[in-house]
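Working notes, beginning with the structure itself.
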There are 2 protein chains.
Amino acid sequence: MASDTPHRIVEATANLFQRNGYTGTGLKQISADSGVPFGSLYHFFPGGKEALATETLRWSGRGYATRVAAVLAEGPRDDLAATVRHAFDRAAEDLVATDYVDACPIATVALEVASSNDTLREVTAEIFGEWLQGLDAWLVAGGVPEDQARALSTLFLAALEGGFLLSRAARDPAPLHALGEQVAAQVAAALPTEPR
Amino acid sequence: MASDTPHRIVEATANLFQRNGYTGTGLKQISADSGVPFGSLYHFFPGGKEALATETLRWSGRGYATRVAAVLAEGPRDDLAATVRHAFDRAAEDLVATDYVDACPIATVALEVASSNDTLREVTAEIFGEWLQGLDAWLVAGGVPEDQARALSTLFLAALEGGFLLSRAARDPAPLHALGEQVAAQVAAALPTEPR
DNA sequence: GTCTATAATTTGATAGAC
DNA sequence: GTCTATCAAATTATAGAC
């Protein structure tokens with residue numbers, strides 16, 4: 001169980017998906033990058049590329065949810081808005097530190113398959129849905145009224161995704177930082193103790 | 001000048017990019033869809049696929065900017081927030097009406113090439129930059145203070161892009177509608193006449 | 001079970017007939 | 001200039017030796 005072969009495959013696939021997307025990633029390259037013989041890909045993933053992509057997206061989705069949860073836990077418990085800013089700033093830092101590759105591990109593939117592969121589209125939809133549920137719970141735990149949670153979690157996730165898009169294209173962290181401020185303001189406005 | 005061949009090529013390429021992305025679109029398919037012989041692709045675009053993609057992205061970028069400007073012009077001139085909601089609602093309608101294909105014509109390709117093709121990445125960055133400038137001007141003309149325009153235009157565009165991502169993945173217009181409300185609220189808060 | 005070789009197709013790109 | 005045929009290399013997938 002030392003070096004789990006299927007896991008090595010998924011890990012290499014996840015890295016390649018982030019840089020080259022789904023159609024841009026070849027199974028030969030996955031074999032080469034992971035050091036796993038080509039035939040083993042079909043031994044462990046009889047469903048071929050689509051099955052491997054499904055597993056990779058789910059694994060990446062869980063990993064990213066964990067990372068975001070950890071960053072949100074770092075922030076001050078009594079200041080949701082400050083924590084939102086912190087999360088966007090950390091996302092921007094990670095992006096710059098990794099030469100603009102370490103963004104959302106789902107988005108590129110999600111857009112690629114949205115109109116061309118219904119199986120994988122559903123997988124990305126499930127992952128985004130779980131992320132939104134997690135953000136809902138975090139917002140409600142922080143004092144946001146339940147009936148406003150989904151709108152704000154949607155804003156949080158969409159702004160993060162849009163920020164990744166704009167920051168990666170421009171190779172500039174500024175969009176992500178600005179979006180952190182904007183989302184934080186909107187979250188603050190939803191808190192019942194907020195002055196009006 | 002009746003049926004401009006290079007234009008037919010670009011148009012077919014734009015449609016294929018929206019459904020299958022950059023790496024997912026083959027030149028053979030472009031030739032077939034446009035009805036233009038394969039060799040003509042290299043006659044009109046000697047730079048090959050990258051040159052054709054550059055031209056297609058620029059053409060799609062101008063077209064989408066025009067469409068958004070038209071939608072923004074439809075809204076009430078004295079109510080920026082209502083116009084923002086209207087724009088997101090229209091984007092959602094168009095998305096549903098086209099079976100979730102008619103979203104941003106740049107985003108999919110932008111994410112695909114962000115870490116793999118610097119030439120095309122720069123093209124997408126230029127397009128997003130021009131869009132943001134246009135939104136800045138529209139916001140300022142509507143009464144938003146100049147020093148807040150870029151943050152709000154970034155929120156507008158990022159939320160739209162993130163909304164397209166979430167709505168396409170889930171095949172549900174709800175995220176785009178919710179985001180229209182959120183962005184509208186943030187725009188309203190930036191107007192000097194807004195009550196505080 | 002591990003791995004190599006190869007099949008069948010498609011890719012981007014060129015050569016060259018007309 | 002228009003178009004066909006083809007190239008070399010890539011793709012996903014499979015067969016089968018070890």
Side-chain angles (χ1 to χ4, degrees), chain A residues 1-57 108-109 111-113 115-121 123, chain B residues 1-57 108-109 111-113 115-121 123:
Chain A
M1 76 149 230
S3 71
D4 193 7
T5 301
H7 177 65
R8 288 225 318 277
I9 297 171
V10 166
E11 216 164 20
T13 305
N15 286 334
L16 287 166
F17 277 3
Q18 283 220 345
R19 286 181 181 77
N20 308 321
Y22 178 70
T23 49
T25 297
L27 296 182
K28 287 265 175 58
Q29 199 176 358
I30 293 172
S31 164
D33 282 26
S34 62
V36 171
F38 186 79
S40 297
L41 265 51
Y42 283 90
H43 175 70
F44 291 108
F45 300 94
K49 191 182 187 182
E50 191 177 272
L52 172 53
T54 298
E55 201 71 26
T56 299
L57 288 171
T108 308
V109 177
L111 287 182
E112 283 184 277
V113 304
S115 298
S116 60
N117 185 321
D118 214 55
T119 303
L120 292 179
R121 177 196 63 74
V123 173
Chain B
M1 71 151 233
S3 71
D4 193 7
T5 300
H7 177 65
R8 288 224 318 277
I9 297 171
V10 166
E11 216 165 18
T13 305
N15 285 334
L16 287 166
F17 278 3
Q18 283 219 347
R19 284 182 183 76
N20 308 320
Y22 177 70
T23 49
T25 297
L27 296 182
K28 288 263 173 64
Q29 199 174 358
I30 293 172
S31 164
D33 282 26
S34 62
V36 171
F38 187 79
S40 297
L41 265 50
Y42 283 89
H43 174 70
F44 291 108
F45 300 94
K49 191 181 186 181
E50 191 177 271
L52 171 53
T54 299
E55 200 71 26
T56 299
L57 288 170
T108 308
V109 177
L111 287 182
E112 282 184 276
V113 304
S115 298
S116 60
N117 185 320
D118 215 53
T119 303
L120 291 179
R121 178 196 62 74
V123 173

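All chains are named by letter (A, B, ...) in the order of the sequence lines, taking the proteins before the strands, and each is independently numbered beginning at 1. Because the structure is a prediction, the values reported are computed rather than measured. Just so it is clear, the values below take in all heavy atoms, side chains as well, and ignore hydrogens, waters and symmetry mates.
- Here the P atom of nucleotide dT11(D) and the OH atom of Y22(A) are 13 Å apart, to the nearest Å.
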>> If you apply the rule side-chain contact (heavy atoms from CB on, under 4.5 Å), what do you find for T56(B) with V109(B), and how did you get there?
In response: CA-CA 11 Å; T56(B) 299; V109(B) 177; over 6 Å; no
>> Across nucleotides 13-18 of chain D, 5' to 3', mark each nucleotide with B, S or - according to how protein heavy atoms within less than 4.0 Å reach it.
In response: BB----
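- Residues I9(A) and S34(A) share a closest heavy-atom pair of CA-CB, 4.2 Å.
- Atom CG of L16(B) and atom P of dT11(C) are 11 Å apart (whole Å).
- Across every non-hydrogen atom of G24(A) and Q29(A), the tightest pair is O-OE1, 4.3 Å.
- With sequence neighbours excluded, no residue forms a ring pair (Phe, Tyr, Trp, His ring centres under 6.0 Å) with H43(B).
- As judged by a 4.0 angstrom heavy-atom cut-off over every strand, T23(B) is placed among residues making no nucleic acid contact.
- The CG atom of L41(B) sits 13 Å away from the P atom of dT4(D) (whole-angstrom rounding).
- In this structure, L52(B) places its CG atom 12 Å from C1' of dG12(C), rounding to the nearest Å.
- Rounded to whole Å, the distance from CG on N20(A) to C1' on dT11(D) is 14 Å.
- Between Q29(A) atom CD and dA10(D) atom C1' there is a gap of 11 Å when expressed in whole angstrom units.
- Comparing dT2(D), dG1(C), dC3(C) against the side chain of S40(A) picks out dC3(C) as the nearest.
- If you take NE2 of H43(B) and P of dT14(C), they are 15 Å apart, rounded to a whole angstrom.
- For the pair F45(A) and T54(A), the minimum side-chain heavy-atom distance is 4.5 Å or more.
- Closest of all the heavy-atom pairs between E112(B) and T23(A) is OE2-OG1, 3.8 Å.
- When heavy atoms are screened at a 4.0 angstrom cut-off, S31(A) is found touching no nucleic acid atom at all.
- Here dG1(D) presents its P atom at 13 Å from CG of D4(B), a figure rounded to the nearest Å.
- Among all heavy-atom pairs drawn from R8(B) and V36(B), the shortest one is NH2-CG2, 3.5 Å.
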